[in-house]
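So the structure is just underneath, and the comments pick up after that.
Throughout, protein chains are lettered first and strands after them, A, B, ... in sequence-line order, and every chain is numbered starting at 1. Given the structure is predicted, the values throughout are model-derived calculations rather than measurements.
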There are 2 protein chains.
Amino acid sequence: MERTAHADRFAEMIGAANVLTSPDDQAPYLTEWRDLYQGVTPMVLRPGSTEEVSAVMTYAYQNDLKVVPQGGNTGLVGGQIPQETGDEIVLSLSRLNKVRAVDPAGFTITAEAGVVLETLQNEAENVDRLFPLALGAQGSCQIGGNISTNAGGTAVLAYGNTRDLVLGLEVVLPTGEIWNGLRALRKDNTGYELKQLFIGGEGTLGIITAAALKLFPRPKKLEAAFVGLPDPHAALKLFTLAKAQAGPVLTGFEIMPRVGVEFCLRHLEGARDPLEGEHAWYVLMELSSGSEAFPVRDLMESILGEAFEEGLVEDAAFAQNLTQVQDFWHVRHGMSEVQKPEGGSIKHDVSVPVASIPDFLDKAMAAVEDFVPGCRPVPFGHIGDGNIHFNVSQPVDADKEDYLAKWDEMNTIVHGIVGEFGGSISAEHGIGRLKRDLLKDVKQGIELDLMKRIKDAFDPKGLLNPGRVL
Amino acid sequence: MERTAHADRFAEMIGAANVLTSPDDQAPYLTEWRDLYQGVTPMVLRPGSTEEVSAVMTYAYQNDLKVVPQGGNTGLVGGQIPQETGDEIVLSLSRLNKVRAVDPAGFTITAEAGVVLETLQNEAENVDRLFPLALGAQGSCQIGGNISTNAGGTAVLAYGNTRDLVLGLEVVLPTGEIWNGLRALRKDNTGYELKQLFIGGEGTLGIITAAALKLFPRPKKLEAAFVGLPDPHAALKLFTLAKAQAGPVLTGFEIMPRVGVEFCLRHLEGARDPLEGEHAWYVLMELSSGSEAFPVRDLMESILGEAFEEGLVEDAAFAQNLTQVQDFWHVRHGMSEVQKPEGGSIKHDVSVPVASIPDFLDKAMAAVEDFVPGCRPVPFGHIGDGNIHFNVSQPVDADKEDYLAKWDEMNTIVHGIVGEFGGSISAEHGIGRLKRDLLKDVKQGIELDLMKRIKDAFDPKGLLNPGRVL
């Protein structure tokens with residue numbers, strides 16, 4: 001049976017308007033937003049319900065057709081883009097965009113895979129609740145993709161990764177069968193936790209069509225401080241002190257070096273030097289509480305007062321209002337884009353145990369400076385999660401192409417050090433196609449083997465999102 | 001090869017003193033603490049290290065020997081007791097009892113499977129940290145068993161189930177291979193989350209030998225109140241109000257009916273009626289914070305003040321000191337044992353979505369009272385987790401044996417209603433042998449099928465903890 005015959009059959013299932021075969025219609029689904037991947041596909045399918053996803057997958061499985069599920073197409077490792085071979089059908093979840101239930105009393109929300117993250121945040125806010133997942137792409141990424149990649153973001157410190165926010169899932173399996181695991185239960189010990197395989201499974205084991213998710217009280221009070229410190233060792237001590245005193249009220253703890261702040265001053269509109277003097281390192285610390293009764297400002301002052309006494313902190317500025325809070329975060333959020341005008345940047349999305357962050361930074365920074373004298377490391381990120389975006393800008397006046405040619409070699413050096421600390425080479429972004437070949441270097445043979453056995457058990461024909469992860 | 005030959009080989013691997021073949025030596029490993037199961041085994045093996053566990057399992061796999069892993073032998077569903085067939089070797093993890101690392105700065109602890117839960121709590125407290133898992137058996141249960149059964153307990157509301165406390169695992173697979181997944185990372189998106197299969201896997205997929213676990217700030221301030229209410233609908237509204245205002249500071253929210261309090265007054269030493277008048281239902285509410293700065297008492301007063309104004313609460317008593325806090329919990333913790341002197345009690349460990357608790361209780365209580373006129377439902381438990389211990393005492397003066405003969409029939413009625421609310425028939429205790437036959441009634445065929453495929457993929461010979469769960 002040839003391509004058009006398949007398209008006709010799919011058109012019967014989901015409507016001809018939802019089978020996209022022309023290049024213009026397909027374009028938005030085939031381009032990766034950083035232009036790292038350009039896909040080719042026989043057709044993009046846009047089913048409108050779980051049953052239609054099931055019908056599509058049943059037919060695809062029977063006819064040995066490869067399928068790539070796609071959410072908001074904001075992934076960072078190429079998982080959602082069909083391969084250049086042109087034999088992978090794109091299955092878009094965008095039309096499954098209903099919020100099925102909001103339960104403020106039980107602190108849950110149930111939504112379909114194609115609901116945009118920002119929509120979900122707003123639905124929660126409408127009933128005075130918080131859905132805490134927050135990340136740069138929230139205006140276009142979809143909750144199904146967030147769950148499939150176990151997205152991280154800026155609220156992990158207090159609320160956990162996406163995995164920690166999921167109560168139940170509805171999934172269409174590679175064979176087309178529907179698994180209804182959409183239980184909104186806080187406790188359920190009846191057999192293996194299947195949902196955990198689909199969370200972070202990057203769409204290789206099944207297609208998430210809906211999820212029951214946790215909600216939280218909406219923060220009512222918020223304080224932020226920008227802190228200057230001598231080094232990451234002091235930053236870790238400040239983190240430990242703050243966490244011990246504030247517990248779940250510590251909702252942000254981000255580290256960045258002076259060079260990153262300088263990049264912002266040069267290239268980021270509206271950025272101001274947050275402190276009067278210069279400091280080798282900075283921490284942006286945020287406390288927030290869903291309780292009006294919590295004296296968040298007093299606690300911030302008490303933590304920083306103790307930190308001053310212990311000599312950890314050189315200077316600190318408190319945000320006096322919400323605009324200043326936003327100014328502080330503006331610098332932190334600008335940290336990635338301001339690296340671009342400084343030339344080539346070699347990037348790593350790594351994690352190590354929280355307490356190893358200072359030693360990791362010492363060692364990794366020395367190693368890359370040794371490898372490329374004059375290079376400018378700009379490591380920044382979520383110290384409280386042990387997650388550092390270890391980006392390294394080229395030396396001033398170096399040739400950009402020459403520098404970027406060292407990407408793989410520098411990755412090898414940095415990932416080697418990550419390994420020494422028992423860390424991860426993909427803390428947030430997943431494996432997809434980009435890091436697939438690295439996996440064999442960082443995983444034990446038995447671990448890869450168990451992963452393959454699971455893949456075979458769920459998708460014996462290997463038709464769903466092939467060539468991703470494994 | 002016969003039994004003694006195997007025992008000789010095991011003795012070479014782990015020492016003859018750790019191969020128990022005499023009835024006296026074996027006795028503590030074969031008796032279930034409620035006398036529901038009495039096991040028979042050719043030998044109890046007590047390896048002293050992960051490598052010894054691996055050697056034992058490698059040999060067992062090669063020789064088609066069945067193995068039952070056992071921790072503190074406190075399980076409630078018979079999973080840890082060898083079957084009466086007498087062909088299952090018991091593998092005790094008790095000698096793997098080292099705390100390998102404590103990291104107060106990074107808020108983690110790494111311990112071997114045989115470490116007793118109370119020991120782990122104390123190790124955390126020694127460095128001013130909290131390991132929050134807490135349950136009745138904590139003086140003898142072991143962390144490996146807690147993880148294998150995804151234990152619940154009294155701290156789930158604020159800290160989650162055991163699953164939520166695990167960062168990484170070391171596991172010996174059915175084949176004897178060691179998987180070192182002992183990463184103390186807060187973020188790691190490199191492939192399928194294998195550890196989640198072993199957590200709550202009840203020892204059927206592998207033997208957990210060590211775990212990296214989360215620690216939290218130790219609570220510094222604590223308040224408790226005993227509250228009288230008209231019905232569970234009011235209790236749910238109070239929960240929602242308290243959770244919205246207190247967020248993670250709400251660390252306990254337990255419901256119990258008047259009849260349960262009366263049982264305590266009759267049979268529990270030191271129990272006093274917590275409020276002056278009688279109320280149809282009671283809630284024990286606890287707030288605690290790791291932050292000295294948190295005005296916990298003010299918040300408690302504010303929540304209950306609002307609840308009074310809304311007419312949810314009839315009366316409330318505040319604990320004035322730690323002794324009174326303990327008095328309150330004494331009544332709650334006594335709720336199970338005081339049912340015994342009242343005759344037969346038919347028990348259910350169920351959960352439903354939190355917001356469905358009142359409707360579930362209305363319906364289930366009416367159904368059992370209809371089924372056995374005069375019976376006395378004593379539903380109590382963790383309303384904030386949606387988890388109710390739905391226990392039903394016999395009618396006064398009824399025949400105990402006659403009443404208990406209705407166990408399965410009543411289970412069917414209650415579990416049917418649980419199903420209508422999308423609930424779980426085993427919220428905390430697992431499946432083991434006790435609920436294995438019920439699983440096919442409550443799980444979708446495809447879900448059971450996926451579980452079986454996973455079991456086959458990990459344990460193709462079906463030798464590890466056979467007949468449990470699946």
Are any side-chain N or O atoms of A:T240 and backbone N or O atoms of B:A105, one a donor and one an acceptor, separated by less than 3.5 Å? yes
Pairing residues for A:F421 by the ring-ring contact (aromatic ring centres under 6.0 Å, His included) criterion, not counting sequence neighbours: none
Name the region of B:R218, side chain, backbone, both or neither, that has any atom closer than 4.5 Å to a heavy atom of chain A. neither
I'd like to verify something: which residue of B:D164, B:D349, B:I178 has the highest number of heavy-atom pairs under 4.5 Å with chain A? B:I178
With a 4.5 Å cut-off on heavy-atom pairs, point out which of B:G160, B:A355, B:G386 contacts chain A the most. B:A355
Please classify the contact of B:D188 with chain A as side chain, backbone, both or neither, using a heavy-atom distance under 4.5 Å. both
Please classify the contact between B:L194 and chain A as side chain, backbone, both or neither, with a heavy-atom cut-off of under 4.5 Å. side chain
Any donor-acceptor pair under 3.5 Å linking the side chain of B:S351 with the backbone of A:K187? yes
Interface moiety of B:L167 toward chain A, non-hydrogen atoms closer than 4.5 Å: neither
Does anything in residues 440-449 of chain B get under 4.5 Å of chain A by heavy atoms, and if so which residues? B:K443, B:Q444, B:I446, B:E447
Find out whether B:V354 and A:R186 are in side-chain contact, i.e. whether some heavy atom of one side chain is under 4.5 Å from a heavy atom of the other. yes
If only atom types and distance count, is the side chain of B:N189 paired as donor or acceptor with the main-chain N or O of A:S426 below 3.5 Å? no
By a 4.5 Å heavy-atom criterion (distance strictly below it), what part of B:E177 contacts chain A: side chain, backbone, both, or neither? side chain
With a 4.5 angstrom heavy-atom cut-off, which part of B:Y192 approaches chain A: side chain, backbone, both or neither? both
Verdict with reasoning, B:L185 to A:N387, per side-chain contact (heavy atoms from CB on, under 4.5 Å): CA-CA 9 Å; B:L185 301 176; A:N387 178 198; over 6 Å; no
Quick check on the interface: out of B:S356, B:P295, B:G200, B:S302, who has the most heavy-atom pairs with chain A under 4.5 Å? B:P295
ring-ring contact (aromatic ring centres under 6.0 Å, His included) filter on B:F198, not counting sequence neighbours, yields B:W179, B:F458
Go through the steps to decide whether B:Q196 and A:K195 satisfy the test side-chain contact (heavy atoms from CB on, under 4.5 Å), and finish with yes or no. CA-CA 9 Å; B:Q196 303 288 353; A:K195 72 166 185 267; over 6 Å; no
Using salt bridge (charged side-chain N to carboxylate O under 4.0 Å, His left out) as the criterion, list what pairs up with B:K455, not counting sequence neighbours. B:D459
For each of B:L299, B:L157, B:L438, B:D385, tally heavy-atom pairs with chain A at distances under 4.5 Å, and name the one with the top tally. B:D385
